[in-house]
Amino acid sequence: MPTLAEVLRTPSLDLSVLVPGDPDRPVRWVAASELSDPTPFLEGGEILLTTGLTTAGWDAEWHGFAGRLARAGVVALGLGIGLTHHDVPAALERAAADAGLALFAVPRAVPFVAVTRVVGRLVEQEEQRALRDALTVQRRLTRAAATPEGPAEILRTLAAVVDGDAVICDPDGAVRLRDRPGPVLPAEIRERIARLRPAGLRGSDSASGPPAGALVQPLGLTGRPRAYLVVSASRPWGAGNRGAVATAVALLSLDAERRADALTAAREIRTAALRLLLGGQTGSAWALLALPSAATGPVREQEHHHVVRIRAAGDPEPLLEAVEQWAAAEPAVALTATVDGHLIALVWEGADLAPLVDAVGAAGGQAGVGAPEPPGRVADSDATALAALARTTSDRPVARWNDVVDGGVAALLGGPAGEAFARSVLGALAEGSAENERLLATLDRFHTHHGRLGDVAASLGVHRNTVRRRLRRAEELTGRSLADARDRVELWVAAEVLRSASRPGRITP
């Protein structure tokens, strides 16, 4: 908008300024009225012109008149002289000064329409200048988007335009990228983002006014917002700032979609490569992973790898993003993919899995880490990863195959199915009683000493005949024969599983 000073110093108008007021106030338009109270018909920001047709003989009335105009937001009052008033009344001049209202005289030879025409021309010039400035800003932001740094350069350019700060944050309010180093987002901004999330891409929020202004806009073109742009400035928002932000939102949203498309393609390539590896087609898999668009870590064909199978508790996308961020920071991660509803990571032997364990635990997921295998046996590592995953619990969200193996047969057959197998094999012997405890202990020593009754008796501190009697009783209760190799094995496995269950019937020394 043009300022009052620009209008008053227009030579062709020959206006006489009596009360200067605030020369920097913007002028929206010009209104002419002969009413004693024109304020109901004004919006504020106008120059009011009048000949004072109804004010002849006014004196004290001028204070009320000037006060009403000032309160209505009138920028200045122009009194046309030579008709009702030959000169500007001294009482009006005093009233305008007291009200803080600019006052000037319009010569008899200057029609009011001339003042309107000047203001209209100045408004048009300002609009054209604003348009040129907006186009310049758009070009600057577009050039920034075309640089290698892309979003980072857009933020720096936008921050310079609005003379403030620009930040891209995740939907949870965590800062992802900003124009300059700085602290975390204020809690008030994070709370505003949380309120906007349910509205998706339609949700935006702005606040303006001294001493600071902030605007929050979702980024993305389809689906849920991929991130949020937060822009703050030290002065109130103007149309130019809002236009710059709108351009930045469009460019950042396009960049986010482009990156999302590239990420989707990379995920599909990695998934296809992993399926090939699981199928033993390592050559084709390495060829796919060598594509730049696969966006994988360094792949070493001779390196032993672990397969890590991850099961998400709910929506897998946040956990997948966390796994991919871990993969980007951990050079020993060969690839990440999604297969059969599980997130899968292929990592070198010896990779630091601590960040992955933290991410899985924080998301309420579960993970099984397979045994390290060479590339041609990735399927074997995957099988052990699945077995480890099956043994995870809410208290132990991550299980490693090596830990499962170290736990022996009982660890492999643990859980409800293992206990059911043990009780089926042991029959009545699985019922808790003092006699059954002695029989199970005797069976344990029988297996430990490979059936040598003398050693069994010595280890238990009983007679050989007692050992024979206990073993015959165990055979009667289970229906199994210790002379049969398969029965012996099943009795040993069942006893091991029952011992690890920490329930009545466990083997005691």
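When a residue number appears, it is its place in the shown sequence, counting from 1.
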Quick one, R176 and C169 - any side-chain contact, counting heavy atoms below 4.5 Å? no
Exam field: side chain [X] to backbone [Y], donor-acceptor pair closer than 3.5 Å:
X	Y	answer
E6	T3	yes
T338	L343	no
Q125	V123	no
S253	A250	no
T271	E268	no
R68	S36	yes
T39	L69	no

Check whether the side chains of [X] and [Y] place a donor and an acceptor atom closer than 3.5 Å, and report yes or no.
X	Y	value
R309	H342	yes
H85	T55	yes
T51	E34	yes

Are more than 12 heavy atoms, taken from residues, nucleotides or ligands other than R108, located less than 6.0 Å from that residue's CZ atom? no
If you count the non-hydrogen atoms of other residues, nucleotides and ligands that lie under 6.0 Å from CD in E43, is the total more than 12? no
Just how far is it from atom CG of L215 to atom CZ of R242, taken to the nearest 0.5 Å? 6.0 Å
Ion pair present between D255 and R258, side-chain N to carboxylate O less than 4.0 angstrom? yes
